[in-house]
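Just so it is clear, the values below take in all heavy atoms, side chains as well, and ignore hydrogens, waters and symmetry mates.
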Amino acid sequence: MQIQNIPETYEELERYNLDYERQKFCYSDANCRVGEATRNLFLSWFPSWMRSSIKPGIYALLDDTMLDAFGFPYPSPLLRSVMVSLLKIRAKLIRLFPPRNHPNFYIDSPIPSYPTGYEIANVGPRENFK
């Protein structure tokens, strides 16, 4: 793959990542379309009557950089705090269950959006979105 200039430490990688986000992450219409499509796909997993109450929770799980790049609204600090607490509670509850005997990868399940499968080259935004 000829990847060059790979950071030597985790701290250097984190600094590189944050610098990259600061320089490159910004709003564009293409970002908005991809963000909305991803959000809507996630929401489609839930009954329609739940979707409007779940949407703010999705925003609460995204950092400000992503919210800005997608053009999504900022959630309240209280909602962000509640979402973090819920994820921590979930993690503690999952530890009480026995370990899985086999992996459960999402890709191993049928995908409603592609009931007959898909070609990876045909997934994602069109090439002219930059």
Point to revise | Residue pairs involving residues 23-42 (criterion ring-ring contact (aromatic ring centres under 6.0 Å, His included); sequence neighbours excluded) | key: Phe42-Trp45, Phe42-Phe46
**Study point:** Residue pairs involving residues 52-87 (criterion ring-ring contact (aromatic ring centres under 6.0 Å, His included); sequence neighbours excluded)
**Key:** Tyr59-Phe72, Phe70-Phe72
Roughly how far, to the nearest 0.5 Å, is the [atom2] atom of [Y] from the [atom1] atom of [X]?
X: Leu43; Y: Ser52; atom1: CG; atom2: OG; value: 9.5 Å
X: Ile94; Y: Ile89; atom1: CD1; atom2: CD1; value: 12.5 Å
X: Asn40; Y: Glu36; atom1: CG; atom2: CD; value: 7.0 Å

Practice item. Over all heavy atoms of both residues, which pair between Pro75 and Pro56 is shortest? Give the atoms and the distance, please. Key: CB-O, 4.4 Å
Check your understanding: Please, which pairs that meet side-chain hydrogen bond (donor to acceptor under 3.5 Å, both in side chains) have at least one residue in residues 7-21, sequence neighbours excluded?
Key -> Asp19-Arg22
Check your understanding: Could you give all pairs that pass the side-chain hydrogen bond (donor to acceptor under 3.5 Å, both in side chains) test and reach residues 77-96, with sequence neighbours left out?
Key -> Asp64-Arg80
Practice item. Using the test side-chain contact (heavy atoms from CB on, under 4.5 Å), find all partners of Pro77 that sit at least two apart in sequence or belong to another chain. Key: none
Study note, to complete from the structure: Note: with side-chain heavy atoms under 4.5 Å as the link, the other cluster members for Leu78 come out as Leu61, Leu79, Val82, Met83, Leu86, Leu87
